[in-house]
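In what follows, a single structure is set out as structure tokens and then discussed.
We name chains A, B, ... by the order of the sequence lines, and we start the count at 1 in each one.
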Number of protein chains: 4
Amino acid sequence: MPAKTSADQLLKAAAKVYHQRGYHAAKVSEITREAGVAQGTFYLYFPSKRQAFVELMEGFARNISSAALELDWERIRNGEDLRQQLVDLYTSIFQICADNRDVADLFFNAAPSADERAAAIREEFMRGVEGISAQSLVDGAERGYFRALKAETISRAIVGMFLNIVLRTIIAEGRTFRLRELAEDLVDFEVRGLFVSEGAATK
Amino acid sequence: MPAKTSADQLLKAAAKVYHQRGYHAAKVSEITREAGVAQGTFYLYFPSKRQAFVELMEGFARNISSAALELDWERIRNGEDLRQQLVDLYTSIFQICADNRDVADLFFNAAPSADERAAAIREEFMRGVEGISAQSLVDGAERGYFRALKAETISRAIVGMFLNIVLRTIIAEGRTFRLRELAEDLVDFEVRGLFVSEGAATK
Amino acid sequence: MPAKTSADQLLKAAAKVYHQRGYHAAKVSEITREAGVAQGTFYLYFPSKRQAFVELMEGFARNISSAALELDWERIRNGEDLRQQLVDLYTSIFQICADNRDVADLFFNAAPSADERAAAIREEFMRGVEGISAQSLVDGAERGYFRALKAETISRAIVGMFLNIVLRTIIAEGRTFRLRELAEDLVDFEVRGLFVSEGAATK
Amino acid sequence: MPAKTSADQLLKAAAKVYHQRGYHAAKVSEITREAGVAQGTFYLYFPSKRQAFVELMEGFARNISSAALELDWERIRNGEDLRQQLVDLYTSIFQICADNRDVADLFFNAAPSADERAAAIREEFMRGVEGISAQSLVDGAERGYFRALKAETISRAIVGMFLNIVLRTIIAEGRTFRLRELAEDLVDFEVRGLFVSEGAATK
DNA sequence: AATGAATGAGGGTTCATTCAT
DNA sequence: AATGAATGAACCCTCATTCAT
């Protein structure tokens, strides 16, 4: 295991300070103090305070995107399989966010108003996720699992409910355990809705 | 109808500039130029740049909260009534956001990283809405409309899906028409879920 | 007489400090201290330290250029008239430089290595003066006053001798009196080389 | 012939970079990159960025001074001999400057505002050259070649015209050929003003 | 001799805020 | 109430210099 490099220390310290103070209030001098290096050292590894933030955001987006974000319909034989894949998928992303609370918080909350480039990264990510979600709705409907729904609207609803759980339960409250259970509760609601039965809801 | 006061002009200008530039990049001098007054005038009406932003946020929170956010169970006789109340409630909030895109954007996106006090206002609002939502889940279950669900988790899911529609479809895309239809699509998904039927989902 | 404005104070202070310390070593804080204003005030009147310097250079170039730099052949009837015009012209420029030693020094010595724009202003000025000088050589030759000389080379020689007197005698030594006498000595040397004549030198 | 030492490489690289960027904008890191050595190596050979520049200036001053700067009256029998010695002298200095354009440019243009010590070297050089020139005027007058002129003023004029040719024609334009011809043109102008003669100019 | 990562003092610039008019 | 010139604290970034290897 190699010794911790200054670059590592700085990125870690940057995540911490950006998170504690917010992007604008964070001072480069705080980051370097936190990292235990001199101020000038920051600029050996990052061209600017801005770019260090962008790199954090890019890293997080790559990290999340490396998780399987799409359903594998080949392996889905029935509703239960589908439900399981959703639970797996949600759980893995919950886990990544739980493991990187600081950066996840920056990504979802701070990025839009921190920096244009960072905002673009987040925006692209959101669009990508909504697109995948919308496609899944179409695919699932074709295969007879899902009702016919407005894909554009409902994909946003799905992403939104997932995102708010991440923000409130994982990031804000700091929950790191029983994330699968959390995913199961969410998926149960997602697939069946609030009403006790189809009958009751429409009668 | 009173003449437009400087305070009004400034608040309007502030909303515009904060929205265009972001809280930190917005300059008091831009706001006053936009409002057509001298820079010093700003400080006759607001003690600080920070406080002007906070007042915008408070106003928006009041505005939203003035809409009926709670279900009126007295007037609900069946699932369809419930569904209608949800649609009405969602539509009215959609409308408020559509009418105040700038401030809504600031409230939901910028507030958390703009200023501590503003973040607290948004946080309190979110907690309030989630609380109402959770209570509704309990009430609805008691009355036999809703399945037994983890209220804390599902209330967040519900708020999240609603919020993401606001953010993406109304604020970002700027949709201002057929908001009731949007609410209907959302409520339909909310109450019945994705799966074609209770049968299919569990079989 | 209006009260001294901050702009005036600052330009004067800037000339002094740039001259004392050199462009690069000069600090904006020194200039404002010298001017008796706060640091930020500097930026009410100049967009940058660089631009303040450029404005000084531009002002000096305009100042010099406002002096009649060209001979008026209409008023020249003989060699003595010509000699007098040269003496007048040189004296007036000597005077301007003597009245603005600081800025003249900056213009001729510091500008080239201070800033690209300032260097360009000085360069353009030098080219202009050499061009006028070369044209005068041609005109004077046509009229029978001057020998046939390589105008491009000799115009540079003439500008050079004039410039070095300015730099060494007026700027460096600070001579401010009997400038006409100085000009006469110089012209005497200059014309005995320019005017058609025969004699010891070629025998 | 010894292998090129790092010191040589660095001095050559320094001349290039100082010339391209100017003294202040030149970075030690650029010089070492240009020389193909590590940054720290610079400080094995020079105590500071400043001193490297001073050494360049000192070298150039020595180089120029090694040329015969004085007239050899023993070998002057008539005006033509004198003219020839001047042409030889000017040509040799032209040649040195043409062979070292970069450093010559630094010496004459950058030194005054680059560094106090460098400015002093240039100043001393200029004073020396003007002194020699003034002495030659006196000597030449005593021997009946030159008219009686104000030695202090005219020596500066002579140095100035020579210097401006160097700056504009050799350094700025980069002329490296027919330098003797250039010297002849200059001397021709110079002596017709210096030598006792009669003619149109005074009539 | 040579390296190059690390240092940290220093200064140009911004802009929220003040206050004399 | 309104003005807008003036203020000055704050902070990012540069780069000459050092030093452990």
Which of the following nucleotides, E/dT13, F/dT17, E/dA2, is nearest to the side chain of D/Leu44? E/dA2
On DNA chain F, check which nucleotide each of A/Thr41 and A/Ala25 is closest to and give me the residue with the more 5' one. A/Ala25
Could you tell me whether D/Arg117 and D/Glu58 make a salt bridge, using a distance below 4.0 angstrom between a side-chain N and a carboxylate O? yes
Please check this pair: side chain of C/Asn63 against backbone of C/Gly59, looking for a donor-acceptor N/O pair closer than 3.5 Å. no
By nearest atom, which of the nucleotides E/dT17, F/dC11, F/dT17 is closest to the D/Val28 side chain? F/dT17
Length of the line joining D/Tyr23:OH and F/dC15:P, which is rounded to integer Å: 13 Å
Taking the side chain of B/Ala38 as heavy atoms from C-beta outward, which of F/dA16, F/dG4, F/dC13 is closest to it? F/dG4
Between D/Ser48 and A/Lys27, which has a closest nucleotide on DNA chain F that is more 5'? A/Lys27
Below the 4.0 Å mark, does F/dA5 have OP1 or OP2 next to a side-chain nitrogen or oxygen of C/Tyr45? no
From F/dC15, E/dT7, F/dT7, nucleotide with atom closest to C/Val37 side chain: F/dT7
Confirm from the modelled atom types if A/Gln39 and F/dC13 form a donor-acceptor pair under 3.5 Å, side chain to base only. yes
Checking contacts here: which listed nucleotide (F/dC12, E/dA16, F/dA6) is nearest the side-chain heavy atoms of B/Tyr43? E/dA16
How long is the straight-line distance from OG of A/Ser113 back to CZ of B/Arg21, given to the nearest 0.5 Å? 15.5 Å
Can you measure C/Lys49 atom NZ to E/dG10 atom C1' for me and round it to whole angstrom units? 12 Å
Side chain to side chain contact (heavy atoms under 4.5 Å, CB included) assessment of D/Ile64 paired with D/Cys97: CA-CA 8 Å; D/Ile64 288 266; D/Cys97 293; 4.0 Å; yes
Rounded to whole Å, how long is the line connecting atom NE2 of A/His24 with atom C1' of F/dA10? 15 Å
Give one of base, sugar-phosphate or nothing for D/Ala7, where a contact means two heavy atoms less than 4.0 Å apart. nothing
Indicate, with yes or no, if the rings of B/Phe60 and B/Phe125 have centres closer together than 6.0 Å. no
Anything below 3.5 Å on both distances counts as a pair; with that, list the stems of at least three consecutive Watson-Crick or G-U pairs involving DNA chain F. E:2-21 with F:2-21
Could you tell me if B/Lys49 sits above the aromatic ring of B/Tyr18, with its cationic atom closer than 6.0 Å to the ring centre and no more than 45 degrees from the axis? no
Using whole Å, what does the distance between atom P of nucleotide F/dA6 and atom CD of C/Gln9 come to? 10 Å
So, do A/Phe53 and A/Phe46 have ring centers that fall under 6.0 Å from each other? no
